[in-house]
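Heads up, the thing below is written out as structure tokens.
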Amino acid sequence: MVDLGVTLCGLQLKNPVIPASGTYGFGYGHAAFYSPEILGSIALKGTTEQPRFGNQTPRVAECPAGMLNSVGLQNPGVDAVINEELPRLKSVFSGKVIANVCGFSVEEYVRVARRFDEAEQVGIIELNLSCPNVECGGMSMGATPSGVARVTGQVKKTVKKPVIVKLTPNTLDITALALAAQDAGADGVAMINTVLGMRIDIKKQRPVLANARGGLSGRAIFPIAVRAVYDVYEKVNIPIVGMGGISCTEDAVEMMLAGATAVQVGAENLRDPFACKKIIDGLPPLLASLGVQSITSLIGAAHS
Amino acid sequence: MKQAYFTVLENTPVARGVYRLVLAGDASDCTRAGTFVNVKVEGFYLRRPLSVCDVYSREEENDTLVLMYKTVGGGTEAMSRLSSGARLDLLTGLGNGFESDNALKYADNARNRALIAKKDAPDAQDGALLVGGGMGAAPLYMLAKQLYARGVKTSVILGFNTLADVILQREMQPFCSSLTVATADGSSGNKGIVTDFIPKNPPYVYACGPLPMLKAVYDRCTDGEFSFEERMGCGFGACMGCTCKTADGAKQLCKDGPVLKREEIIW
């Protein structure tokens, strides 16, 4: 029997597979396909203080081996998430979830994080300092080490629950962002968010997305994510939640070998609603074939 | 909502760039007109959302599912090369679909209003008016069949650019009391656009077609349902890629739509 359990920032997960924020709504939608109870945890849709409609459509564009999105943090606001979405999720998922917190100012991040800190179902607060699809907030605050340090430090001063910081690859040196998060007290980092990109419609001679630029996710970015996690693992001693283009069990294992304690699966959930289930189901036989007894032995094992 | 594998029975061109794809598989979730399926195409990242044109059960366990699609890019061109026997991965039973009950309710209300006002309600004799533009005819075919089965008197107006684009005219005929085909260049049916042929006080309207057509139809009626198109990521409400503003707040066109009631629509 292979042990799939991992501990992430003090939270016991039955396996390291977590659907990524923005690809799984508030967790109950996918219940039509399989029971979310099989998941390690669930990263909720990014939440701001007020409801947000997000950007104009088209918000998605297809790419070779991936997709662009410029959803722009559509969400019903933190009150509705706590009062309506979390109770609905509770009926299909009894574990602790990861609340993805977004804001347009340091103060907003702090206020939203504080609300989730009081929510019983929330086990970890994930600071989204990496959304590429909003003018201010998101990546604009998280692309520099000083921005990461400022938001992380203020949130850590306010909340009791573990805080992980979701980092952007659209920066000079992602290891500097990770170190800034660690130095500001972060309990972990989650990486990578989407890679900034664009498609142009050659018939209309205009960008496909209404917002022109969007975040690239999917298989195309997997090697970028593995490299980023590998490099950050060498620099920090807090756990890393690895993500970016994971689409099969082998990818999840590879990401853990690079240094991830847990993995998030994003775009693959959208093209195959059973993606997380298939990845989890594939772990015992794959680990057995690799001669691995406990999945934790994979974490960072690619480093010499 | 279901994920199921289907086998291609037929994939034949029926108009300029338009194919009729007949599939065998479990279509038990495809009972409602106006819902759609999301088709995985080998070599392409996102699935292709296609509205259900027809579904019927066969004697064996497999259902027959009919889809219509137009080749507009690499994905649909790859689909056009599928030969019979090929296997396709589909998500079925997506979207809300049309509510055929509403046509009956509307006709009842119109008759009651006319009775109270002690005057004839000639246009309320028709239970429903179906207005389709281009590929929008596809889901309306299934709706026409279902309304016919429920005894609703249905008029249909289909609009196309030219004769080469006309689809489903012959197939639709048996299920409606009147069928008007309009082409922009007059090469088939009547010359004009669909709104030229909408009666003054139309009954309950079901419309599917390009956005400018939907808006024009909206302006010519007082009640009905409109099926919208949008680029989609997942097709089942997870990615929030196809959100639109409605009078009832933000809705996901893939899950809360693609059909919106007239009173919900904000242009």
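Each chain gets a letter, A, B and so on, in the order its sequence line appears, and its residues count up from 1.
Interface residue A:Tyr24: only backbone heavy atoms are found under 4.5 Å from chain B. For A:Ala267, the parts lying near chain B are the backbone and the side chain together; criterion is any non-hydrogen pair under 4.5 Å. With a 4.5 angstrom heavy-atom cutoff, A:Pro19 does not touch chain B via any of its atoms. With a 4.5 angstrom heavy-atom cutoff, A:Asn269 touches chain B only via backbone atoms. With a 4.5 angstrom heavy-atom cutoff, B:Lys255 does not touch chain A via any of its atoms.
Closest non-hydrogen pair, A:Lys203 versus B:Val72, comes out as NZ-O, 3.6 Å. The minimum heavy-atom distance between A:Pro58 and B:Arg231, with the atom names listed, is CB-CD, 3.6 Å. Annotation for A:Thr57 and B:Glu230: closest pair OG1-OE1, 2.7 Å, computed over non-hydrogen atoms. The nearest pair of heavy atoms linking B:Ala250 to A:Gln74 is CB-NE2, 3.9 Å. Minimum heavy-atom separation, B:Ala238 to A:Leu270: CB-CD2, 3.9 Å. Heavy-atom minimum distance, B:Thr243 versus A:Arg59: OG1-NH1, 2.9 Å.
Taking chain A as the reference chain and counting heavy-atom pairs below 4.5 Å, the highest number among B:Gly249, B:Gly74, B:Cys244, B:Gly75 is found for B:Cys244. Listed options A:Gly25, A:Ala65, A:Gly29 were ranked by heavy-atom pairs under 4.5 angstrom with chain B; first place goes to A:Ala65.
Heavy atoms of other residues, nucleotides or ligands lying less than 6.0 angstrom from CD of A:Glu37 number more than 12. Shown here is A:Arg88, whose CZ atom has more than 12 heavy atoms of other residues, nucleotides or ligands within 6.0 Å. When the shell of 6.0 Å around CD of A:Glu108 is examined, it contains more than 12 heavy atoms from other residues, nucleotides or ligands. Within 6.0 Å of CD1 on A:Ile202 lie no more than 12 heavy atoms contributed by other residues, nucleotides or ligands. More than 12 non-hydrogen atoms from other residues, nucleotides or ligands lie less than 6.0 angstrom from NZ of B:Lys40.
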Determine whether B:Lys245 and A:Gln56 satisfy the following criterion, side-chain contact (heavy atoms from CB on, under 4.5 Å), listing intermediate values before the conclusion. CA-CA 10 Å; B:Lys245 284 179 179 154; A:Gln56 293 304 308; 4.3 Å; yes
Discussion item. Go through it in stages, so that I can follow the logic: the residues are B:Tyr45 and A:Glu268, the test is side-chain contact (heavy atoms from CB on, under 4.5 Å), and I'd like the CA-CA distance, side-chain angles, deciding distance and then a yes or no.
Written reply: CA-CA 9 Å; B:Tyr45 194 76; A:Glu268 192 68 15; 3.8 Å; yes
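In this structure, the separation between CE on A:Met67 and SG on B:Cys234 is 8.0 Å, given to the nearest 0.5 Å. Expressed to the nearest 0.5 Å, how far CG of A:Asp272 lies from CG of B:Leu91 amounts to 8.0 Å. Between B:Arg47 atom CZ and A:Arg271 atom CZ the span is 8.0 Å, to the nearest 0.5 Å.
Residues B:Cys239 and A:Asn69 fail the side-chain proximity criterion, which asks for heavy atoms closer than 4.5 Å.
Residues passing the side chain to side chain donor-acceptor pair (under 3.5 Å) test with B:Asn11, sequence neighbours excluded: B:Tyr69. Remark: B:Ser187 engages B:Thr162, B:Asp185 in a side chain to side chain donor-acceptor pair (under 3.5 Å) (not counting sequence neighbours).
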